[in-house]
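What you see is a predicted model; the values in this text were computed from it and never measured.
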Amino acid sequence: MFRSRGKSTARCIGILHKHPNPKYQKGVIKREREIKNLVQIIEPDARLQPWFMSDYGTLYDLFKISERELRSKLKSHFGKKLKISLDMPVWKLVDELKASGCL
């Protein structure tokens with residue numbers, strides 16, 4: 001994934017290569033929209049958002065904030081305390097949030 005450099009000042013996570021067959025899309029690529037939304041929740045300032053994310057990246061890799069602050073931001077957005085581990089790849093976290101009814 002990479003940061004787009006269009007004329008807009010907004011910074012976003014983009015895809016380097018997206019296989020045309022969804023069967024072969026994995027991890028971050030398959031869940032791009034949900035991951036972008038999660039990143040927006042944690043860091044609304046586009047200038048401070050990550051510009052690269054691998055399939056193995058966790059929220060702790062993307063944001064240099066404490067677990068307490070991270071959980072606080074997620075709780076204020078979702079309206080409930082999350083009882084899932086945040087120390088997993090972001091794409092797996094998205095799946096867990098979907099399963100718990102948050103996304």
Measure the spacing between [atom1] of [X] and [atom2] of [Y] and express it to the nearest 0.5 Å.
| X | Y | atom1 | atom2 | result |
| --- | --- | --- | --- | --- |
| Thr58 | Leu62 | OG1 | CG | 6.5 Å |
| Lys92 | Ser85 | NZ | OG | 11.0 Å |
| Arg31 | Lys36 | CZ | NZ | 15.5 Å |

Verify, without hydrogens or angle tests, whether [X] (side chain) and [Y] (backbone) share a donor-acceptor contact under 3.5 angstrom.
| X | Y | value |
| --- | --- | --- |
| Lys75 | Lys80 | no |
| Arg71 | Leu82 | yes |
| Glu96 | Ile84 | no |

request  = Using the side chain to side chain contact (heavy atoms under 4.5 Å, CB included) rule, take Leu74 and Leu97 through it: C-alpha gap first, then chi angles, then the decisive distance, then the call.
outcome  = CA-CA 11 Å; Leu74 293 172; Leu97 289 171; 5.7 Å; no
NZ (Lys73) with more than 12 external heavy atoms under 6.0 Å =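 Yes, the 6.0 Å shell around NZ holds more than 12 heavy atoms from other groups.
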ask   = Between Glu43 and Phe63, which heavy-atom pair has the shortest distance, and what is it?
value =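 Shortest heavy-atom contact: CB-CE2, 3.6 Å.
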message = For Tyr60 and Leu70: C-alpha separation, side-chain torsions, deciding distance, then whether side chain to side chain contact (heavy atoms under 4.5 Å, CB included) applies.
response = CA-CA 9 Å; Tyr60 300 118; Leu70 191 57; 3.8 Å; yes
ask   = Out of Asp87, Ile65, Leu93, which residue meets the side-chain contact (heavy atoms from CB on, under 4.5 Å) rule with Leu59?
value =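 With Leu59 as partner, side-chain contact (heavy atoms from CB on, under 4.5 Å) holds for just one option, Leu93.
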query = Going by heavy atoms in the side chains, are Phe78 and Ile41 under 4.5 Å from each other?
reply = yes
